[in-house]
Amino acid sequence: MDPALPTDTGPDGGIHVKDALSEKCQKLFLEFLEEVQSPTGELLYLADAEELIRPERNTLTVSFMNIEQYNQPLATTIQEEYYRVYPFLCQAVRHFARDHGNIPPSKEFYVAFSEFPTRQKIRELTAARIGSLLRISGQVVRTHPVHPELVSGTFLCLDCQSLIKDVEQQFRYTQPNVCKNPVCANRKRFMLDANKSRFVDFQKVRIQETQAELPRGSIPRTVEVVLRAEAVETAQAGDHSDFTGTLIVVPDVSALASAAVRSETSSRLTGREGFDADGIAGLKALGVRDLSYRLAFLASYVAPTNPRFGGKALRQEGQTAESVKDQMTVEEWEKVFEMTLDKNLYHNLCTSLFPTIHGNDEIKRGILLMLFGGVAKTTMEGTSLRGDINICIVGDPSTSKSQFLKHVEDFAPRAVYTSGKASSAAGLTAAVVRDEESHEFVIEAGALMLADNGVCCIDEFDKMDLKDQVAIHEAMEQQTISITKAGIKATLNARTSILAAANPIDGRYNRSKSLKQNINMSAPIMSRFDLFFILVDECNEVTDYAIARRIVDLHCRNMESVQRVYSPDEVQRYILFARQFQPTITPGAREFVVEQYKLLRQRDSTGSMKSAWRITVRQLESMLRLSEAMTRMYCSDEVQPKHVKEAFRLLNKSIIRVDSPDINFENEEDEQEIHDQNDAAEAREKGTNGVNGAVTDKEQQPITESASAPKAVLKMSFAEYRKISNLIVLHMHRMEDIDEEGSLKKSELVNWYLKEMESEIETEEELISKKTLFEKVLHRLINYDHVIIELTQTGLKRSKYGEAPTTEEDPVLVVNPNYTLE
Amino acid sequence: MPSTNDWINNPLGVVEEMFGASQNSCDSGWEAKVTEFFRQRLMEKDAHTWVPSLNDVPLHYLKPNSLVKFRCLIQDMFDPEFYMGAYDTVDPSTKARVLRCGKYKDVTEWGVDLDSANMVTSDRQTFYCVPIPGESPWVKESYASACQARVVPSTSYVPSRQKRSYEDDDDEDDMDTQPQAQGHAHNGTQAAAESQGNGDCKRQETEAPSGQKASNPPLDLNFPLPGEQGPACLVKVYTDWDSFKLNDTLEVYGVLSVNPALSALIDQKDASSSLILDPAECMETAEELRVHRPPASLVPRLHLIHTQRLTHNNPLLPPAAPEDSAASLASTLSEMVSVRGELLAYLAQLLLGDALAAEYLLLHLISNVYARRDVIPLGKFTLNLSGCPYATAPAYTEQLYRALQQLVPSSYRLSMTLQNLNQLRLVPRKDYVANRLESGLLQLAANTSLYLDETQLDQGQLDPAGVRNITALGNVISWQKVDYDFNYHQMEFPSNINVLIASEGRSLLPSDCHVHLQPQVTPPNMEAYLGSAHTAQSSSQLNKFRLYLTVARTLDYSISEEVTKAVEDDFVDMRKDDPQSISADDLHSLLVVARLLCLSLGQSALSTEAWGRAKHIETLRKSRSEPQGCLNGNEP
């Protein structure tokens with residue numbers, strides 16, 4: 001096959017070059033086929049070889065790993081001199097097949113190598129790699145029809161009628177140079193006898209560099225791949241496939257060598273080319289020729305791409321943690337391993353994911369868990385339960401909602417970003433459109449379909465077209481899209497997580513209304529979101545400072561302003577790895593889930609109408625999904641109660657955070673029992689994330705149950721409450737800074753506050769009401785939110801929860817060391 | 001050593017000589033030596049002006065295989081190509097073997113010995129380059145007049161190219177008269193012509209002589225903007241090609257290769273590709289061949305020897321990065337404040353006496369995406385100029401563009417008619433049949449001004465393509481990126497386009513800053529008014545403005561610690577007083593405004609005064625636009 005080594009059947013001359021290396025290779029390869037055994041002691045390739053008897057089969061697929069194990073030098077030779085030895089290897093297959101079966105003598109056989117270990121990037125294919133065995137991967141962008149290719153031609157001499165057999169053909173039509181009849185001098189007039197010639201299937205496809213391998217800002221490279229024999233029709237446009245084979249030069253260098261002579265004769269005499277432009281012939285006669293040629297890839301084996309990291313799918317059927325690990329380089333694996341040991345992993349992943357967004361830790365956590373996802377299940381009846389987590393962010397304009405979405409689009413493989421306002425004609429789901437050229441109906445993929453196995457980010461969800469809103473129902477729960485239009489009936493997969501952002505109806509979120517009243521979304525859709533987050537443009541000095549700092553930093557050219565513990569690639573790899581875990585629920589965790597669910601239900605049924613939605617089984621499912629995601633994040637196989645706790649906390653946050661209704665100080669005493677129940681969750685929160693400053697807004701919901709507040713003065717909006725509490729904490733911090741040892745008495749604090757408020761107080765009644773209000777706030781901060789700790793005179797004995805705070809007339813107050821301002 | 005002009009007229013001779021020398025001395029570094037030699041030569045005073053430029057000299061006036069330069073944008077990147085790096089030639093009469101070098105060449109001479117062991121295969125990369133889209137006429141003129149290369153039609157070359165040169169002559173006439181021609185068109189029927197011509201045919205090569213190529217449809221040269229002219233070029237790069245990015249603007253110095261044999265060889269291949277039994281022979285389909293190997297007379301090849309990246313495209317400034325030429329800029333810097341005043345006055349005149357809008361327009365003109373943090377582009381400043389008098393003066397927006405075009409190096413006015421939105425291709429698309437990137441309007445070089453004229457929009461139906469186009473425009477404005485369509489997926493390419501939207505009401509597109517125009521004067525004849533405002537500026541005055549804008553844009557900028565602190569305090573105080581008054585986004589845009597204000601004054605650090613001024617003009621602006629905002633429900 002190698003043009004430099006004409007085989008003995010070649011009619012083109014007497015030079016017989018014996019290629020010793022290739023022949024040795026053939027011998028060794030035949031030995032390999034004859035000898036290599038499977039672990040059970042059978043000949044590994046015997047069954048395959050016997051299959052080759054069937055007329056449609058002609059290719060024996062051999063695992064390269066087996067050769068390496070059997071005979072390392074042979075493997076090396078094949079790898080390095082692939083193009084040279086390939087025909088001899090095929091010959092060996094032929095002998096092997098003939099020995100084990102009755103095959104027609106004229107049948108051609110081919111060998112294909114699977115499991116070739118290393119993989120080359122398309123960008124790394126250079127002239128130096130021509131001829132050696134390689135594996136490349138890419139996306140198939142174009143396929144050509146399958147053609148028969150002449151491999152060995154039989155020609156009829158038109159002068160003396162003698163047959164010239166077995167003229168090797170290599171990529172181009174090759175006639176015999178001279179009639180083999182010694183008395184006939186015919187060099188030109190031959191006719192191909194198609195019936196006696198041998199053909200092989202031949203197909204060209206073009207592949208394109210995958211996005212993962214592409215340097216930013218470059219156009220993806222493409223490579224022509226030539227497929228032969230059984231490899232044809234195995235790759236479809238759009239597939240990501242691996243190709244094993246070798247680089248060849250087109251036009252063939254050897255073809256170039258005699259091109260001048262050959263094409264001249266063929267064109268004149270066969271008359272096929274049919275041009276008689278003398279100018280061109282003249283130029284050619286001068287020997288002027290194009291200096292450039294291109295490379296093509298001759299592939300013998302095609303397999304679907306095993307996505308390496310950043311290979312474009314987060315989930316892959318049939319992958320296990322082991323197989324994912326195998327695909328990582330040593331350093332990559334070490335990094336992943338190191339990450340699994342990180343005690344602060346949860347937090348670090350969050351900050352690495354959104355380094356430029358300030359605060360909003362809950363949303364970051366939610367999105368992180370969304371990326372890990374829950375386990376998809378199929379019930380015994382065959383209904384499938386989704387594992388994907390859907391999240392909706394509702395918020396005031398200019399609260400970095402879109403930034404979250406953009407980040408996810410940028411980060412997650414197969415993420416699609418679309419806006420409800422300007423989605424394409426296909427909309428979010430899919431549309432049937434008539435192809436302009438062929439007039440056939442085709443299905444045009446919408447955003448949801450494109451994001452199959454990924455994340456679909458939908459901005460301005462509330463402004464979405466009504467028909468899309470309806471269609472999205474199915475996609476969100478069943479994870480399929482059905483189309484019945486223009487005679488096409490199809491169910492398409494849309495296994496995607498949805499990350500939506502929506503604006504409140506009045507432009508700004510109205511705290512006095514419930515979530516439902518605040519957004520323009522039907523209840524069924526709302527219930528399909530696992531988590532709802534409300535982004536309110538809140539106002540307090542400390543967060544404002546932090547925001548200001550973040551933004552100013554962004555504008556000064558401080559590269560350090562983007563702080564990441566892990567690079568996006570590392571996080572991506574980690575997520576891919578962690579997603580391979582399919583955690584199951586331990587009995588302990590199960591009980592805990594039931595308990596928490598009961599708690600939620602109970603609270604719901606006690607009649608609080610302010611809850612975001614009725615707690616139903618959907619929330620139970622959400623809790624399970626979130627717990628599983630949590631478990632995956634820690635690369636664990638079992639869902640532990642601690643995972644459920646965090647899931648519950650997030651869910652709780654997302655449901656209750658919704659309103660933050662007014663704080664009513666009158667009925668606190670009555671509500672103690674409910675607080676008791678919540679306390680568990682709260683204590684946990686303090687333990688697990690001291691960073692989170694939103695501690696204060698934990699438990700407003702039960703309080704509001706008693707709607708009849710006797711005194712209007714004793715009610716205050718949650719924002720106001722936050723404002724005062726932050727003021728106090730700041731003041732106390734300041735005092736502590738001034739004097740380490742100094743202690744702040746409760747009375748001092750009250751006086752200070754009233755002084756601060758002096759300008760606003762005009763009458764005595766106001767003074768009194770302010771004072772009572774402030775005391776109530778303080779009481780609340782001490783007893784319910786634990787932001788401030790009361791110290792008895794002897795000091796250091798923390799006031800017990802529920803204990804009457806009045807036992808000490810004027811206790812010393814300190815800020816809870818665990819409390820951090822947002 | 002080669003004599004002075006040899007390296008321009010016969011660069012290949014220089015290359016051969018060095019190659020030959022290296023063969024004798026076994027010196028492997030000859031390639032580096034060649035590039036170094038040409039770099040040195042070009043560094044010499046004014047040397048680069050002696051090299052003829054493909055941009056302003058018609059192709060047939062250039063000597064083949066001579067050194068030429070080309071100011072261009074990388075529109076597409078082809079696959080690498082392999083060539084004979086070194087080969088033996090055999091003289092048929094004397095049988096003497098000579099080793100030759102294949103670098104910087106497309107075709108070989110007679111007598112190549114293909115079986116020679118000396119043959120070396122090397123690879124090179126091909127870029128498809130087009131002239132910088134939307135380059136203003138003044139830039140072209142200025143470059144052309146600076147070029148001192150004297151070119152005469154090379155006599156030896158004329159006969160073989162008689163037919164073609166006739167066509168090119170036409171072309172060239174077009175080019176010569178272009179400024180005037182454009183002027184004519186713009187004054188009168190331009191709007192009509194543009195709206196109907198934009199879509200399809202203008203992109204194609206101009207007036208293909210009917211008789212000559214009747215069989216072939218005219219070649220689409222794939223310019224991003226419709227109505228562009230000038231040569232496209234296949235630039236072959238030999239080293240370090242991975243450092244080039246799509247949409248980079250370059251000045252390429254290279255060997256011009258227009259050998260007609262190239263096209264002939266391709267024709268021959270084309271014909272032979274019909275052989276069924278030779279499937280491998282037709283690795284490239286006819287469409288691909290047309291695109292990848294167009295006739296050399298239309299798309300010349302340029303073998304890159306030396307290149308310079310253009311950080312700006314202002315001929316008034318030395319092409320190097322501003323740091324290197326600090327000395328020459330010192331005078332400009334000292335004048336900045338005064339020039340700013342003059343420019344403001346001029347802009348205010350154009351904006352019918354609205355000084356605030358003029359100030360914002362100035363800030364917009366010097367804006368530039370200077371960094372990206374994650375997904376956020378920093379420094380962009382899209383301006384929406386609403387309240388353009390359309391009812392009384394329908395041509396106002398267009399004339400305003402005309403005036404701005406005189407100030408910026410490259411710009412394009414997209415009149416946002418429904419027809420344009422539905423039919424134009426804004427986003428580049430990969431054509432897998434021809435294996436190339438079909439360009440779109442938004443494939444623009446960095447710092448191009450895109451002027452969107454929304455006054456042209458009517459009520460009507462947007463079709464799917466229209467919706468996609470609007471989305472693409474929105475993406476450019478909000479994220480400074482364009483999602484190129486690769487059929488199976490989209491690929492994001494960063495952009496750095498200054499978008500200015502002129503509209504009557506608030507624009508339907510997002511913007512960073514919205515200013516409602518408050519005309520102080522209502523000239524009875526808008527055309528005459530703006531015309532006189534424009535002609536009042538002498539060309540030296542205009543040049544000052546142009547220089548000012550480019551310099552201001554490239555200045556460095558920082559914020560000191562104290563000012564950072566002050567800004568933070570300020571923000572918190574403002575929030576304390578009224579939480580609704582300023583959001584995080586407002587602070588963000590305030591910082592952008594402050595930065596641009598400083599740059600416009602030639603200051604490289606934020607001062608408290610500038611901060612105060614930024615706050616002041618933002619307040620003024622907001623007080624104007626608030627009643628406007630309510631009319632139109634678009635989220636800012």
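Hydrogens, waters and symmetry mates are skipped; everything else that's a heavy atom, side chains included, is used. Chain naming here is simple, since letters A, B, ... match the order of the sequence lines and numbering starts at 1 in each.
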Checklist entry - Given that the side chain runs from C-beta out, which part of Y484(B) has a heavy atom under 4.5 Å from chain A: side chain, backbone, both or neither? => result neither
Next on the checklist: Using the salt bridge (charged side-chain N to carboxylate O under 4.0 Å, His left out) criterion, which residues pair with K406(A)? Sequence neighbours excluded.
Outcome noted: E409(A)
Checklist entry - By salt bridge (charged side-chain N to carboxylate O under 4.0 Å, His left out), which residues pair with E568(B), not counting sequence neighbours? => result R549(A)
Item to check | Separation of F127(B) CZ from I219(A) CD1 (nearest 0.5 Å) | outcome: 10.5 Å
Next on the checklist: If I take atom CD from residue Q208(A) and atom OH from residue Y432(B), how far apart are they, to the nearest 0.5 angstrom?
Outcome noted: 3.5 Å
Item to check | Under 4.5 Å from a heavy atom of chain A, the part of V592(B) involved | outcome: both
Checklist entry - Is it the backbone or the side chain of L437(B) that comes under 4.5 Å from a heavy atom of chain A, or both, or neither? => result side chain
Item to check | S218(A) versus M77(B), closest heavy-atom pair with distance | outcome: CA-SD, 4.0 Å
Checklist entry - Can you say whether N247(B) sits under 4.5 Å from chain A via the side chain, the backbone, both, or neither, judging by heavy atoms? => result neither
Checklist entry - Considering only heavy atoms, which portion of Q75(B) lies under 4.5 Å from any heavy atom of chain A: side chain, backbone, both, or neither? => result neither
Item to check | Segment of L606(B) engaging chain A (4.5 angstrom heavy-atom cut-off) | outcome: neither
Checklist entry - If you take all heavy atoms of W241(B) and R221(A), which pair is closest and at what distance? => result NE1-NH2, 3.5 Å
Checklist outcome for this item: Bottom line for N469(B): the part with an atom under 4.5 Å from chain A's heavy atoms is neither
Checklist entry - Using a cut-off of under 4.5 Å for heavy-atom pairs, which of Q125(B), K430(B), K565(B) has the most such pairs with chain A? => result Q125(B)
